[in-house]
Structures are given as structure tokens and as C-alpha cells.
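Numbers restart at 1 for each chain; the letters A, B, ... are given by sequence-line order, proteins then strands.
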Protein chains: 2
Amino acid sequence: MPERPGKPTRDTYRHGDLRQALIEAGTELARTGGPEAIALRETTRRVGVAPNAAYRHFPNRDALVQAISLRAMAELAHAMEEDIAALPPTDDPVQGARDRFRAVGTGYLRFARTEPGLFRAAFYVPDDMTRAQDTVSAGHGGLTPFQLLGEALDGLVDCALMAPERRPGAEFLVWSCVHGLAVLLIDGPLRGLPDELTDPAVHDLIDLIDKGLRPDTSAADAPTPA
Amino acid sequence: MPERPGKPTRDTYRHGDLRQALIEAGTELARTGGPEAIALRETTRRVGVAPNAAYRHFPNRDALVQAISLRAMAELAHAMEEDIAALPPTDDPVQGARDRFRAVGTGYLRFARTEPGLFRAAFYVPDDMTRAQDTVSAGHGGLTPFQLLGEALDGLVDCALMAPERRPGAEFLVWSCVHGLAVLLIDGPLRGLPDELTDPAVHDLIDLIDKGLRPDTSAADAPTPA
DNA sequence: AACGCTATGTGGATGGCGTCCACATTCTGG
DNA sequence: CCAGAATGTGGACGCCATCCACATAGCGTT
């Protein structure tokens, strides 16, 4: 019996669901080391299978990383949904819209800080905008992170917290701001900033975005402030 | 004569300034392929030297990447300085402050789109905030990108385009927004967006930040807009 | 001027990686 | 029940970073 305990073994020649097992194992690698830590050989090793077996389910390493990336994106959606769900109920629709908008941002940044490896994996590689619609990257509610943000923005417009003419493409602007902070915090120059400093930064950033989106009250768009 | 044309050779056993040559060659690799394209072996090959020679000047690959990263950060500073220098002269100090602030942002994003590989290299790896002060990463004016942004923000405060009490830490917020768009554009889901779409996005983003930074004119900070 | 020390470059080996090709085993449909 | 498809294995190749032992060149001392 050459079976050493601790090493995953199997009695059948076939694995059963190797594809899923690889995604699972690879996700754990990404969780601790980011997408570049997803080594094909190490992943197959953990599953207890020869390196080449992976090629029966993915054309190459990048395809595996891609699949893991989609799953990570879905986890990001979950985190955002959690922050939205944790919101205290309100009768005021304006308050509600603003709360949901904030929750989208805080959930995003909470996930980035809690699971930096997966967050980075979610944004790894051959991506175009089409993937944001992929249902695999959606949360339990069926919406992707991008779509969750869109809904929150629609809510702002409905409550006149945002000018409708500014709505088109606003996802990209807001997304940029929040994403930028996430990136600077997890592998940029702000890495390792203690929570006591990051939490206010998150708050202030969302304040800034919120304020920047609001409709112009009087005359405030011209070069001079007032 | 085993010298094949095209391959860099040298007549002396010593190279002269191998360290600088490695940084130079590695920078070219990063320019086209980003920091992960900086392979120690390929870099030394281009310089015409054995792989191990690099270890006389850098403890490991990461140190080389780090040196290249600093140089790339300096190039980023140059790009920002260029946009500032290209500004039309103005008598209006308010206009000037706003212009410089915008130029900091446009320069940053122009560099990111023009030299995505170097931009990514600039933000690669073991970084903490201390490196932003490193003079190696400064531009011709002696200021790092971070410091250039700080100056621009000071200018806004001086012209009452920004509330002084919001000044501390504002670098991080503004930086996040601009950096986020850069990242989404060059290796995120917005990759490959044509210039016709990115240019307005850059403009709108800076507008949003500008607006978000402005002092509250009347009553506009409370949950209700007006 | 000669000597030795140190800085610098070379060569070879090791272990990790992704990927390809040939082969083995199992499952499935006719 | 058997052929072929699906799946897993083994070995090889070329890339990589890094380590050790060795070679050579330049520099300061005497």
C-alpha cells in the first residue's frame, strides 16, 4: 500500500469531476498567492492527479486561471450582496438608495481587503467587457458586480441624487474610483495600511464620489466655486 | 571569429556598467510585456552576458524588477510634468490651479495608456509608501508623481477650490480614482476601449473628482440633496 | 613592478514550471 | 461485446531563478 496519508488519492482510475476539483484547488492557491500562484502542476498535485490530466479539461493554464477568475468574480458579487443585505431597513427611499450605493462600494472594498488574492484573480487576464455579463460571475441574486453597481446608480437617479444626463457610463467612473483604492490598498503603495486608516479612507472616498455625482444645485459647475 | 552580428558582444572581459545595462534592457522587456516579462536570463542575454553575472549587481530577480520599477515611476513623473508644462499660461490663478490639477490626472492616464507595460512595472511589487519619496522615482523637477499630485492639491486649497479641512489624505482619494481608471483601462475589463470613449471618460472622471473635492457651497452634505 | 585581494563574469547543476507526444485505462453507444 | 471516445499517465523539452565552484581582471600595497 504505497498510499501515504495526507496525499489525496482515489480508488478509481477516473476522478469523477476533475474539472471542478482543479478549479477548487486552484482557487485555494489564488486565495493565498493571487492568480500568478495558480501553478498547473501544483494544482494537479493537490488534486492527486498527473499534471497532464488538466489538459483534458483546459486547453492551457490560462484557461484554468480564467475559470477561477470567474468564480472569484462571483465571490466578489456575494460580498457586495452581503453588505447590501446587512443594511438596516428604511422607509425613506432616498436614504435607501444612498445606503445601497454605499454598500456596493464598501462590499467591494471589504472583499478586496479580506481576500486580496481572490480579488486580484478576479481581475486577472484576457478580459473584455463581455465577461461582466457572464452569469458565472454573478452573485446569488444573479447580478454581476458591475450590474449591482448599475442598479445602485439607477437608484440614485430615481431619487434625484444624481443627474440623469450623467448616468450613461457612470458605472465606469465610480468603478474606477473604488477599484483604484482597492488596488492601491492590496498591492500598491498603500499596502499594509492599518484598518484604522483604511476605514476612514473608504468612507471619504465614497463621500467624494457621492458628492461628485450629485446634480448641480445652483451655479457650481463654472470655473469659480460660487 | 565566433561573433555573430546582431548579438551584443564586447571585447573586454569586464562590461563597464553592467548594472545600468541590465536596467536598460529590462526596461525594454517591461515596456512590451510588463514587469512579469522581465526575465533575468533574457535580460542578460540581451546585454550579452551570462545569466549569473546579474547576481553581482542584484541579489535576485526581484531586486532588478524593483530598480526598473523605480525608473518607470520616474518616467510617469515625466509624463505628468509634460502635461503640466504644456498648459497655456494664464493670469487667473484659480484657472491655473485647476488646470494643473487636471494636467496631473491627464498626464498620469496618458502615460498609463501610452506605456502600459512600464506603468504596470512602476506599480509592481514590494512597495510601501516610503518609496514614493525616493528621488530615483522623481521627474526632472525632483518631484515624484505622488508629490506632484500633492502640489496640485495644495494649489486647489489656495484658490478655495477645495476645503482645507479635507486636504489631509486627499492624495489617496484622488490617486485612487485616477489610478483605478488607469488599471481598468490597461488590464482590466475596460481594456481596448477606443480612444474616442476613453478620452471623455478621463474628462468626466476628473470632473467628478473636481466636483467632489469642492467646498460645500450651501447645504449639500446632508442626506437630502437640497 | 609584483603580489594578492576583491570585484566581476563564466559554467554547470538543480528544481520548478508549462506544454507536447505517445501510451494506458476506462467508459459508452451501437 | 466490441470499437472508439474520453480521460489519466509517463517522459521529454525548453523555459525560468538560483546556487556553487571556478576564471579573470582591476586596484591598492608594498
Side-chain polar contacts of residues 32-40 of chain B - donor-acceptor pairs under 3.5 angstrom, sequence neighbours left out - could you list them?
from    : atom 1 : to       : atom 2 : distance (Å)
B:Thr32 : OG1    : B:Leu29  : O      : 3.2
B:Glu36 : OE1    : B:Arg120 : NH2    : 2.9
B:Glu36 : OE2    : B:Arg120 : NH2    : 2.2

Which whole-number value in Å describes the distance from A:Leu18 CG to C:dT25 P?
19 Å
The criterion is salt bridge (charged side-chain N to carboxylate O under 4.0 Å, His left out); which residues satisfy it with A:Asp154, sequence neighbours excluded?
A:Arg167
Quick test of your reading: applying salt bridge (Lys or Arg N to Asp or Glu O under 4.0 Å), list the pairs with at least one residue in residues 48-59 of chain B, sequence neighbours left out, ordered by first then second residue.
none
Under 3.5 Å, is there a donor-acceptor pair between the A:Gln147 and A:Thr144 side chains?
yes
Value rounded to 0.5 Å, distance of CG in A:Leu208 from NZ in B:Lys211:
10.5 Å
Report the residues that fulfil side-chain hydrogen bond (donor to acceptor under 3.5 Å, both in side chains) with B:Arg110, sequence neighbours left out, ordered by chain and then residue number.
B:Glu82, B:Asp83
Round to a whole Å and report the spacing from CZ of A:Arg56 to C1' of C:dA22.
10 Å
Which atoms of nucleotides 27-29 of chain C (N or O only) lie under 3.5 Å from a protein N or O atom, and what are those distances?
none

Compare side-chain N and O positions of A:His57 against OP1 and OP2 of D:dA6 and report whether any pair is under 4.0 Å apart.
no
What integer distance in Å separates A:Asp17:CG from D:dA6:C1'?
14 Å
Output all residues satisfying salt bridge (charged side-chain N to carboxylate O under 4.0 Å, His left out) with A:Asp99, sequence neighbours left out; order by chain, then residue number.
none
What is the distance from CZ of B:Arg19 to P of C:dT8, rounded to the nearest Å?
11 Å
List in chain and number order the residues that pass salt bridge (charged side-chain N to carboxylate O under 4.0 Å, His left out) with A:Glu115, two or more places apart in sequence or in another chain; answer none if no residue qualifies.
A:Arg31
If a protein heavy atom is under 4.0 Å from the base, mark B; if only from the sugar-phosphate, S; if neither, -; do that for nucleotides 13-19 of chain C going 5' to 3'.
----BBB
Quick one, which residues of residues 22-32 of chain A touch DNA chain C with a heavy atom under 4.0 Å?
none
What residues, two or more places apart in sequence or in another chain, satisfy ring-ring contact (aromatic ring centres under 6.0 Å, His included) together with A:His203?
none
Under the side-chain hydrogen bond (donor to acceptor under 3.5 Å, both in side chains) test, residues paired with B:Thr198 that sit two or more places apart
B:Arg113
Tell me every residue that passes salt bridge (charged side-chain N to carboxylate O under 4.0 Å, His left out) with A:Arg100, counting only those two or more places apart in sequence or in another chain.
none
